[in-house]
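When reading the values below, keep in mind they use all heavy atoms of this one structure, side chains included, and skip hydrogens, waters and symmetry mates. The chains referred to below are lettered A, B, ... by the order of the sequence lines, with proteins before strands, and numbering in each begins at 1. Only a predicted model underlies this, so the values are computations on that prediction, with no experimental measurement involved.
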There are 2 protein chains.
Amino acid sequence: MKETSGKSLAGVKEIAKRANVSIATVDRVIHNRTGVSAKTKEKIQQIIDELGYQPNVLAQRLALTTRGTIRLATLLPNISDETEFWRAPLDGIRRAELEIRQYGIHVEHYFFDQNNRQSFARQVARIKKYKPDGLLFTPVFPEESKQLIKDSATANIPCVLINSDLPGFDNSCYIGPDIFHSGYLSAQLVSYCVKGNKPVLIANIAREIDNNYAILDKEHGFRTYFSDHKLANPLISFNTTQTDYTAVKSKLSKLFKKHEDIAAIFVTNSRVSVVARCLEDLGKKKVLLLGHDFTSENVHSLERGLIDFLICEKPEEQGYRGITTLFQNLVFSKEIEKTYLMPIDIITRHNYRYYRN
Amino acid sequence: MKETSGKSLAGVKEIAKRANVSIATVDRVIHNRTGVSAKTKEKIQQIIDELGYQPNVLAQRLALTTRGTIRLATLLPNISDETEFWRAPLDGIRRAELEIRQYGIHVEHYFFDQNNRQSFARQVARIKKYKPDGLLFTPVFPEESKQLIKDSATANIPCVLINSDLPGFDNSCYIGPDIFHSGYLSAQLVSYCVKGNKPVLIANIAREIDNNYAILDKEHGFRTYFSDHKLANPLISFNTTQTDYTAVKSKLSKLFKKHEDIAAIFVTNSRVSVVARCLEDLGKKKVLLLGHDFTSENVHSLERGLIDFLICEKPEEQGYRGITTLFQNLVFSKEIEKTYLMPIDIITRHNYRYYRN
DNA sequence: CTGAAAGCGCTTACAG
DNA sequence: CTGAAAGCGCTTACAG
């Protein structure tokens, strides 16, 4: 007997014909709905298996068009010069929106001030009023975020976290990098490029550091590489909550006086272009500089040779995938993967042109 | 007046109603078909613009289901241990196939022996008999490939090239890396990691080298970086058409006797894991080793620390994108972009786990 | 130059 | 427990 060899052109109509039932009944079996006799169900299932039936996704979605709109909410930091990074995830979210609004998905955006816990809490309150069917956010403030996840679980609202995870908490879905290994990778690059045991600087430049899991874990990964490989380079932490150019420069300048031979600086977030400017002005162009994120300022410094490596984790795609994940779950009951780890990309001045966020 | 603010839920039906015509006429205007009076056309167009009408892609495709099948042909090297690289593009092609076969697209695969021009020509002849509606291939043999592109143009068959381009030839579409800059980037990595003016080896390991544009251009990019940056490292070309372990090892061994202090080896294709084994057996583990492609053997050597960097250009996505490009062109008359340059990814043992081809 | 109608493959009330 | 029919938004003969 000849194999149907993956042709599977057969649809519900064909199945119905073969089973001698109506397509409504076939539909019931396909979707495991109640109200079909065991016998009929079995017969239909057998034919489905035999035919290797694959639903036509197009038709499926089209038929669902009439269903009421599904409401999603996103909660991200607002975008300022200092937080330009957040433009990318938002772009991805918008791209997803355009693709799925045809299916009656509406996305409402909420923004908070990254340096202000209050503002986060305020937006959470607004979101709760909105009563979304799904939620995407980034857990900048651990306590508030944990509460939000719990409340979402209680309300039975699927929840996606992007960019950084909430460790020891698995009530939701995380889409973003393995932050520890991102730091670990940065250390590898430094160790490859720096010969000898010269000191290496780890620069944490953020208004909030102690609570910032993303920064702490990156530094931890970075340091772990050096200890794992028994490297003797002194690792100097440089923390500053004053993130403006002047403050960073004066602090750096002091550090350089103390440690003249600093060979490399790793900036644990996207503020690396500030350091680039400082190094240029301090005449320290030979210091290896690496940091995070494909912001326009960073790319500009990369282009000019002031930054050597940028580590990026496809923020645009994080946003895009976050929304489509919720969509698939809400519309097609597709199960949500617990974790989707993004690639950790290494960008230099010679491959950035081809990079896609 | 209130903005419709990108809602655009309106479809052909709504447009037809507002314009007082039938949906068939609206359809004609949307697709710029003939047989509509200038006046009607203008009126409809105005409403379309006003509403910011966006066609529902789902419905569009679904309605096209009945059209006869479209036949695509692919022509790629067959997959052996030595050419495992080609599995990835094929995987991508298969992934695309699964997605679009619902729209009546059929893909026929042809394979040739990378070391045998004859076999390429034979398959071209078979393809011509098949008379595909679209063609995807990789131009391993320049002369034959140019002829194939010309013939396709004559027959009005859209044509996509992947993995390497045919320079000075713009009758088709190229999806793949900027090879020159890929080599350039590799040189940057070497120059960052190698201190002093120690010699660097460029290893071309392939049955055919002189005609292999991908290899030649990569070496050219690599060398150009060193001259652009006035680096004094001696660059030694190491060409071998005997690609087996024993041959490579004995040749390498001789080279090392002549140049004991070789600091880095750049392998211009996926044969880098062979070199990795040689270095291990020759006790030359400290030499920086980089090369191309995410094959299982290469990844294994990367994991073990024998290879330092792998340069990859998303071969799976090249295949996938190649097929979907042809599909979009043939089904929706979407214009084909002349060139789509893939990212040039840098993979180390600490980020390969998160890489997606 | 224009329109009424059937159909793409699925889902969903509704009736029985 | 089961089926006939309408509808999702578009395209395509066909008739006029």
Side-chain angles (χ1 to χ4, degrees), chain A residues 7-45 48 51 53-70 99-105 330-333, chain B residues 7-45 48 51 53-70 99-105 330-333:
Chain A
K7 277 218 134 189
S8 163
L9 309 138
V12 282
K13 221 185 334 191
E14 174 67 16
I15 298 172
K17 205 167 88 188
R18 296 207 191 191
N20 246 315
V21 297
S22 75
I23 53 169
T25 303
V26 173
D27 193 68
R28 288 182 185 104
V29 174
I30 289 173
H31 293 93
N32 236 318
R33 297 203 188 89
T34 56
V36 185
S37 75
K39 209 169 126 188
T40 318
K41 184 170 176 176
E42 198 192 347
K43 183 161 70 178
I44 295 176
Q45 190 55 58
I48 289 177
L51 257 41
Y53 168 75
Q54 297 275 71
N56 181 321
V57 186
L58 258 50
Q60 231 170 5
R61 294 195 189 179
L62 187 60
L64 288 174
T65 304
T66 26
R67 293 230 274 228
T69 58
I70 289 177
E99 274 181 28
I100 63 177
R101 56 181 231 204
Q102 303 178 312
Y103 317 128
I105 314 288
L330 291 165
V331 176
F332 299 115
S333 316
Chain B
K7 277 217 134 188
S8 165
L9 309 139
V12 283
K13 219 182 344 189
E14 175 66 18
I15 298 172
K17 204 168 88 186
R18 296 206 192 192
N20 246 316
V21 297
S22 75
I23 53 170
T25 303
V26 172
D27 192 67
R28 288 181 185 106
V29 174
I30 289 172
H31 292 93
N32 236 320
R33 298 204 187 88
T34 56
V36 185
S37 76
K39 210 169 125 190
T40 318
K41 182 169 177 174
E42 198 190 350
K43 184 162 68 178
I44 295 176
Q45 189 57 56
I48 290 177
L51 258 40
Y53 169 74
Q54 297 274 68
N56 181 321
V57 186
L58 257 50
Q60 234 171 1
R61 294 194 191 178
L62 186 60
L64 288 174
T65 304
T66 26
R67 293 229 274 227
T69 58
I70 289 177
E99 274 182 27
I100 62 177
R101 57 179 230 207
Q102 303 180 312
Y103 317 128
I105 313 289
L330 291 166
V331 175
F332 299 115
S333 316

Checklist outcome for this item: A:Arg33 atom CZ is separated from C:dT11 atom P, nearest whole Å, by 7 Å

Checklist entry - What is the nucleic acid contact for A:Asn56, judged by heavy atoms within less than 4.0 Å: base, sugar-phosphate only, or nothing? => result sugar-phosphate

Please list, for nucleotides 3-6 of chain C, all pairs of protein and nucleotide N/O atoms separated by less than 3.5 Å.
unit_1	atom_1	unit_2	atom_2	d
C:dG3	OP2	B:Ser22	N	2.9
C:dG3	OP2	B:Ser22	OG	3.4
C:dG3	OP2	B:Thr25	OG1	2.9
C:dG3	N7	B:Arg28	NH1	3.4
C:dG3	O6	B:Arg28	NH2	2.4

Checklist entry - CG/B:Asn20 to CD1/B:Ile15 distance, rounded to the nearest 0.5 angstrom? => result 14.0 Å

Next on the checklist: From CD1 of B:Ile15 over to P of D:dG9, roughly how many Å is that when rounded to an integer?
Outcome noted: 12 Å

Checklist outcome for this item: Of the candidates D:dC8, D:dT2, C:dT11, the side chain of A:Gln60 sits closest to C:dT11

Checklist entry - Mind checking what makes side-chain hydrogen bond (donor to acceptor under 3.5 Å, both in side chains) contact with A:Glu14, not counting sequence neighbours? => result A:Arg18

Checklist entry - What is the distance from atom CD1 of A:Ile70 to atom CG of A:Leu330, rounded to the nearest 0.5 Å? => result 5.0 Å

Checklist outcome for this item: Among C:dC1, D:dC8, C:dC10, the one nearest any side-chain atom of A:Val12 is C:dC10

Checklist entry - How would you label the contact of A:Thr40 with the nucleic acid (heavy atoms, under 4.0 Å): base, sugar-phosphate, or nothing? => result sugar-phosphate

Checklist entry - Could you give all pairs that pass the salt bridge (Lys or Arg N to Asp or Glu O under 4.0 Å) test and reach residues 28-44 of chain A, with sequence neighbours left out? => result A:Asp27-A:Arg33

Item to check | Nucleotide pairing, DNA chain D (Watson-Crick or G-U, distances under 3.5 Å), in dot-bracket with [ ] and | | outcome: |||.||||||||.|||

Checklist entry - Of all residues at least two apart in sequence or in a different chain, which pass the side-chain hydrogen bond (donor to acceptor under 3.5 Å, both in side chains) check with B:Gln45? => result B:Asp49

